[in-house]
There are 2 protein chains.
Amino acid sequence: MTVLESAPVKVRTCAGRVTHPRPTGQDRYTISEVAAHTGLSAHTLRWYERIGLMPHVDRTHTGQRRFSNRDLDWLELVGKLRLTGMPVADMVRYAELVREGEHTFSEREALLTAHRENVRERIAELQDTLHVLDFKIEIYAGARRSAERA
Amino acid sequence: MTVLESAPVKVRTCAGRVTHPRPTGQDRYTISEVAAHTGLSAHTLRWYERIGLMPHVDRTHTGQRRFSNRDLDWLELVGKLRLTGMPVADMVRYAELVREGEHTFSEREALLTAHRENVRERIAELQDTLHVLDFKIEIYAGARRSAERA
DNA sequence: TATTGACTTGGAGTGCACTCCAAGCAAGCC
DNA sequence: GGCTTGCTTGGAGTGCACTCCAAGTCAATA
């Protein structure tokens with residue numbers, strides 16, 4: 001805890017996951033602060049950088065990583081894409097396009113549009129399964145109710 | 001192709017996946033027919049049985065598997081649970097409960113109810129990501145439109 | 001000065017869900 | 001009989017996404 005001075009208050013998101021708030025007015029976070037904030041392990045953060053999924057994190061004069069708010073923004077997007085099951089290789093490709101500059105806008109748009117279609121299909125599949133689960137659960141619940149009545 | 005005599009007509013589901021129709025009036029399918037029908041490989045079907053995710057498939061006198069319509073029903077459910085990311089170990093647990101008989105109804109209900117909650121959370125996460133994707137795509141599309149106007 | 005603790009690296013290890021392999025058997029066809 | 005095709009088995013291999021390890025550096029504290 002070198003930069004983040006306040007106590008690490010935990011926050012519960014609407015989806016039930018626990019996360020740490022981003023300290024305001026700071027722009028240089030240690031790897032363990034970022035790990036606490038994002039829920040990713042320090043190992044994973046180093047690995048993301050090694051494979052090119054992070055846009056090269058700034059260092060102190062002794063070589064320690066100092067993540068910026070921009071890095072946290074990027075990790076937030078990566079986290080969302082990861083939750084939707086986008087393969088790491090595709091996210092690395094997107095990161096490359098971002099590094100290459102504005103002339104890759106249309107390719108980025110195509111990549112995200114294809115992924116959006118993917119996500120929509122996944123939602124439809126999940127909702128389909130939800131009906132099956134409702135049906136099965138109702139059978140078991142019905143059996144339980146008639147057992148309780150007996 | 002020993003049992004399924006009709007040509008393997010392909011069917012497109014609402015989610016866009018391609019599958020094979022279940023031949024009517026049959027109740028003994030070879031492993032390759034089941035593979036074609038479910039989209040799983042024959043390897044995976046054997047593996048499912050080995051780890052206890054299939055309720056022991058019937059055999060011919062020479063030891064070849066012959067899947068029943070009941071087996072196909074089971075594989076359909078397994079497929080749905082798999083699509084929702086349920087770990088294989090959990091599915092095996094559910095299969096064990098089914099084999100144990102009706103006294104496991106309440107445990108099965110609890111297992112499926114917990115999973116349903118899980119699926120609902122996943123849908124919410126995906127929809128959240130969808131908004132982020134819409135936002136990003138709109139930025140790229142906007143840039144493209146103003147470039148085209150220029 | 002010595003120790004503690006957080007950090008660094010490249011490379012090796014882990015867990016999951018398949019996926020494949022080698023060797024062999026049975027049936028159908030020329 | 002010989003060939004092909006489809007199936008059988010246990011066990012080994014694969015790809016993904018981490019996850020951990022050993023050996024070392026540096027800054028702060030006892």
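Below, chains carry the letters A, B, ... as their sequence lines are ordered, and counting in each starts from 1.
In this entry the distance linking CZ of B:Phe67 with C1' of D:dG6 reads 14 Å, nearest Å. Atom C1' of nucleotide C:dT19 and atom CG of B:Leu45 are separated by 13 Å, given to the nearest angstrom. Separating the CH2 atom of B:Trp47 from the P atom of C:dC21 is a distance of 18 Å, rounded to the nearest angstrom. As a whole-Å value, the separation of B:Glu49 CD from C:dA17 P is 19 Å. In this structure, the CG atom of B:Leu83 is 11 Å from the P atom of C:dC18, given to the nearest Å. Put simply, CD1 on A:Ile51 is 15 Å from P on C:dT9, counting in whole angstrom units. Distance, A:Ile31 CD1 to D:dT19 P: 14 Å, rounded to whole Å. A:Asp90 places its CG atom 17 Å from the P atom of D:dG15, with the value rounded to the nearest Å.
Residue A:Thr30 places at least one side-chain N or O closer than 4.0 Å to OP1 or OP2 of C:dC7. Of the side-chain N and O atoms in A:Arg65, one or more sit less than 4.0 angstrom from OP1 or OP2 of C:dT8. Within the 4.0 Å cut-off from OP1 or OP2 of D:dC18, not a single side-chain nitrogen or oxygen of A:Ser41 is found. The phosphate of C:dC18 (OP1 or OP2) has a side-chain N or O of B:Tyr48 nearer than 4.0 angstrom. At C:dA17, none of the side-chain N or O atoms of B:Thr44 fall inside 4.0 Å of OP1 or OP2 (strictly under the cut-off).
For the pair B:Ser41 (side chain) and B:Thr44 (backbone), a donor-acceptor distance under 3.5 Å is present.
If you find the closest nucleotide of DNA chain C to B:Arg50 and to B:Val88, the one lying nearer the 5' end belongs to B:Val88. Where A:His43 and B:Arg59 each meet DNA chain D at their nearest nucleotide, the meeting point lying more 5' is that of B:Arg59. When the nearest nucleotides of DNA chain D are assigned to A:Arg46 and A:Gln64 by heavy-atom distance, the more 5′-ward of the two goes with A:Arg46.
The CG atom of A:Leu45 sits 11.0 Å away from atom NE2 of A:His37, with the distance rounded to the nearest 0.5 Å.
Listed nucleotides C:dC18, D:dG6, D:dC26 differ in distance to A:Thr62; the shortest reach to its side chain belongs to D:dC26. Nearest nucleotide to the B:His61 side chain, out of D:dC18, C:dC18, C:dA27: C:dA27.
Counting heavy-atom neighbours within 6.0 Å of B:Glu148 CD, excluding the residue itself, gives a total above 12.
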Side chain to side chain contact (heavy atoms under 4.5 Å, CB included) evaluation trace for A:Leu111 with A:Met86:
CA-CA 11 Å; A:Leu111 198 153; A:Met86 183 186 270; 3.8 Å; yes
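Using bins of under 30°, 30° to 60° and over 60° for the plane-to-plane angle, the ring pair A:Tyr94/A:Trp74 lands in the parallel bin.
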